[in-house]
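Encoded as structure tokens, the structure appears first; notes follow it.
Every value quoted in this text rests on a predicted model; they were computed, and no experiment measured them.
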Amino acid sequence: MAADYLAENIRVNCVCPGTTYTPSLERRIQAFADPEKARVDFIARQPMGRLGKPEEVAAVVKFLVSDESSFVTGQCYDISGGRSVY
């Protein structure tokens, strides 16, 4: 898509968040028979040893919509706390 719209000065980028602590995730955790074990298990899968924060994902999105990223297109931003390199 980035190549398709480049001539029209439209930038296309992708944000790929990892497991992020949100109300939706909390509902999923609470649905387990043992929510505390589920929480520990979710965290154990994260190379950084914690869940992501919505603010961390939002900061990348804020950058991408700002003038500071005006020369950025066709990129995927992995915000997974290292999960993709683990």
Side-chain angles (χ1 to χ4, degrees):
M1 284 182 65
D4 292 343
Y5 292 101
L6 192 59
E8 296 172 45
N9 201 31
I10 297 172
R11 298 178 301 116
V12 178
N13 295 290
C14 179
V15 175
C16 307
T19 306
T20 305
Y21 186 74
T22 63
S24 173
L25 178 62
E26 182 59 32
R27 285 190 298 274
R28 287 174 49 206
I29 289 171
Q30 292 303 318
F32 281 86
D34 185 347
E36 283 311 307
K37 181 180 181 322
R39 185 181 316 281
V40 168
D41 290 345
F42 271 103
I43 292 170
R45 295 188 316 202
Q46 308 309 309
M48 292 184 88
R50 66 175 181 84
L51 301 173
K53 300 174 188 171
E55 297 84 6
E56 293 168 318
V57 177
V60 174
V61 173
K62 183 178 176 182
F63 164 72
L64 288 171
V65 300
S66 75
D67 290 339
E68 294 173 333
S69 71
S70 63
F71 204 55
V72 176
T73 193
Q75 300 304 303
C76 292
Y77 287 82
D78 182 83
I79 313 167
S80 68
R83 186 153 169 103
S84 67
V85 296
Y86 201 71

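- In this structure, E56 contributes its side chain and K53 its backbone to a donor-acceptor pair below 3.5 Å.
- One N or O on the side chain of T20 and one on the backbone of G18 form a donor-acceptor pair closer than 3.5 Å.
- For M48, there are no side chain to side chain contact (heavy atoms under 4.5 Å, CB included) partners two or more places apart in sequence or in a different chain.
- Annotation: side chain to side chain contact (heavy atoms under 4.5 Å, CB included) contacts of K62 (sequence neighbours excluded): none.
- The side chain to side chain contact (heavy atoms under 4.5 Å, CB included) search around A58 returns none, not counting sequence neighbours.
- Between N13 and the options V65, V60, V72, a side chain to side chain contact (heavy atoms under 4.5 Å, CB included) holds for only V72.
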Could you pull out every donor-acceptor pair under 3.5 Å between side chains of residues 23-33 and any protein atom, sequence neighbours left out?
| residue | atom | partner | partner atom | Å |
| --- | --- | --- | --- | --- |
| E26 | OE1 | Y21 | OH | 2.7 |
| E26 | OE1 | R39 | NH1 | 3.0 |
| E26 | OE1 | R39 | NH2 | 3.3 |
| E26 | OE2 | Q30 | NE2 | 2.6 |
| E26 | OE2 | R39 | NH2 | 3.1 |

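- A donor-acceptor pair is defined here as one N or O able to donate and one able to accept, closer than 3.5 Å; such a pair exists between the side chain of S69 and the backbone of L64.
- Take R11 and apply the salt bridge (charged side-chain N to carboxylate O under 4.0 Å, His left out) test, not counting sequence neighbours, and it matches no residue.
- Side-chain atoms of R83 come within 3.5 Å of backbone N or O of R45 as a donor-acceptor pair.
- More than 12 heavy atoms of other residues, nucleotides or ligands lie within 6.0 Å of CG in D34, so this atom counts as buried by the packing criterion.
- Here K37 pairs with D41 under the salt bridge (charged side-chain N to carboxylate O under 4.0 Å, His left out) rule; sequence neighbours left out.
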